[in-house]
**Student:** 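Dropping the structure in here first, questions after.
Labels below follow one simple rule: chain letters A, B, ... track the order of the sequence lines, proteins then strands, and each chain is numbered from 1.
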Number of protein chains: 2
Amino acid sequence: MVQYRQTHLDASFGALGDSTRRGVLEQLGRGDASISALAERFQMTLTGMKKHVGVLEQAGFVTTEKVGRVRTCKLGLRGLKEEAAWIERYRQLWAARFDALDVVAQELKQKEIAHGRKKRK
Amino acid sequence: MVQYRQTHLDASFGALGDSTRRGVLEQLGRGDASISALAERFQMTLTGMKKHVGVLEQAGFVTTEKVGRVRTCKLGLRGLKEEAAWIERYRQLWAARFDALDVVAQELKQKEIAHGRKKRK
DNA sequence: CGTATACTGAACCTGATGGTTCAGTATAGA
DNA sequence: TCTATACTGAACCATCAGGTTCAGTATACG
């Protein structure tokens with residue numbers, strides 16, 4: 001049903017589900033950085049960092065460009081637009097769900113009143 | 001620095017990084033459901049679904065209650081507030097980053113002009 | 001040229017994930 | 001009481017994730 005391009009959200013939420021990668025995004029927010037700078041900053045090997053950057057790149061959150069020996073990483077143009085949209089949609093869904101519960105709660109309250117119950121709040 | 005409760009975001013973004021689990025959230029948005037109902041809906045074993053629900057519960061997105069034989073799952077009270085906040089923060093970071101790059105801004109402007117688009121900025 | 005730097009890729013390791021089956025336990029209902 | 005339902009837990013399996021090491025390749029620079 002809503003299965004068509006879920007893979008994309010899989011990739012992006014998956015990419016965000018790692019604190020090192022969120023840290024890298026934060027770092028890149030402060031300025032572009034090379035793989036080795038990021039590796040040093042997060043205390044891991046170049047190879048390890050390169051994998052993380054690869055994941056972020058795959059998800060569309062960063063882009064990289066190699067000039068000479070150095071591969072520079074920067075925030076991608078895509079940003080977090082779709083993820084924000086997804087989350088917002090679900091926040092509304094949540095709200096709607098609990099609005100419904102509020103109605104139920106109100107009904108219960110009415111019943112309580114009808115039954116003469118003065119339950120304190 | 002912002003390392004203290006990152007584990008929490010790891011769990012929640014991790015939980016969202018699976019289309020079955022996002023599907024379960026959507027389903028629960030339409031109404032509470034038992035484990036077996038969800039298992040059937042997503043065509044997997046009870047045990048498999050129970051694990052997914054466990055992950056969502058761990059992340060705070062759903063709560064469950066067992067009455068008699070049936071464990072009923074519903075959306076948790078926590079919602080996606082913190083995740084939305086995180087994403088929003090980074091969207092601003094993104095925006096700030098690209099505001100700083102007037103080169104890009106100029107390029108976009110040029111394109112707009114080239115395409116005769118009068119989009120206001 | 002020679003050497004240090006910056007990355008790349010393959011191979012490997014360990015633990016987590018997403019699933020299954022199978023053998024229970026507990027409860028609902030005839 | 002008997003049986004079907006609904007879940008639970010342990011065990012297993014294949015694959016992926018996050019990391020490493022090691023052996024390259026390409027480039028900067030004295």
**Student:** Whole angstrom is fine here: how far is it from CZ in Phe13(B) over to P in dA17(D)?
**Tutor:** 18 Å
**Student:** Taking only residues two or more places apart in sequence, or in another chain, which ones meet Gln58(B) in a side chain to side chain donor-acceptor pair (under 3.5 Å)?
**Tutor:** none
**Student:** Could you tell me which residues satisfy side chain to side chain contact (heavy atoms under 4.5 Å, CB included) with Arg21(B), sequence neighbours excluded, listed by chain and number?
**Tutor:** Ala15(B), Asp18(B), His52(B), Val55(B), Leu56(B)
**Student:** Output all residues satisfying side chain to side chain donor-acceptor pair (under 3.5 Å) with Ser34(B), sequence neighbours left out; order by chain, then residue number.
**Tutor:** Ser36(B)
**Student:** Please identify each residue that fulfils ring-ring contact (aromatic ring centres under 6.0 Å, His included) with Phe13(A), with sequence neighbours left out.
**Tutor:** Trp86(A)
**Student:** Could I get the full list of salt bridge (charged side-chain N to carboxylate O under 4.0 Å, His left out) partners for Lys81(A), not counting sequence neighbours?
**Tutor:**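 Partners of Lys81(A) under the salt bridge (charged side-chain N to carboxylate O under 4.0 Å, His left out) test: none.
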**Student:** Can you list the residues that meet the side chain to side chain contact (heavy atoms under 4.5 Å, CB included) rule with Arg69(A), with sequence neighbours excluded?
**Tutor:** none
**Student:** Measure from CG on Leu38(A) to P on dT8(C) and round the result to the nearest Å.
**Tutor:** 12 Å
**Student:** Classify every nucleotide of nucleotides 17-22 of chain C by which part a protein heavy atom approaches to under 4.0 Å, writing B for the base, S for the sugar-phosphate alone and - for neither, in 5'-to-3' order.
**Tutor:** -SBBBB
**Student:** What's the NZ-C1' distance between Lys50(A) and dG18(D), to the nearest Å?
**Tutor:**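 Value for this atom pair: 15 Å.
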**Student:** So, using side chain to side chain donor-acceptor pair (under 3.5 Å) as the criterion, who are the partners of Glu88(A) when residues are at least two apart?
**Tutor:**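 Here no residue qualifies.
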**Student:** If the threshold is 4.0 Å, N to carboxylate O, is there a salt bridge linking Glu26(B) and Arg89(A)?
**Tutor:** yes
**Student:** Within this structure, what is the CD-to-C1' distance between Glu40(B) and dC7(D), rounded to whole angstrom?
**Tutor:**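 For the pair Glu40(B) CD and dC7(D) C1', the rounded distance is 15 Å.
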**Student:** Roughly, in whole Å, what's the span from CD in Glu65(B) to P in dA6(D)?
**Tutor:**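 Roughly 17 Å, once rounded to whole Å.
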**Student:** Sugar-phosphate means primed atoms, P, OP1 and OP2; the rest is base. With that split, encode nucleotides 25-30 of chain C 5' to 3' as B, S or - using protein heavy atoms under 4.0 Å.
**Tutor:** --BS--
**Student:** Below the 4.0 Å mark, does dT8(C) have OP1 or OP2 next to a side-chain nitrogen or oxygen of Arg71(A)?
**Tutor:** yes
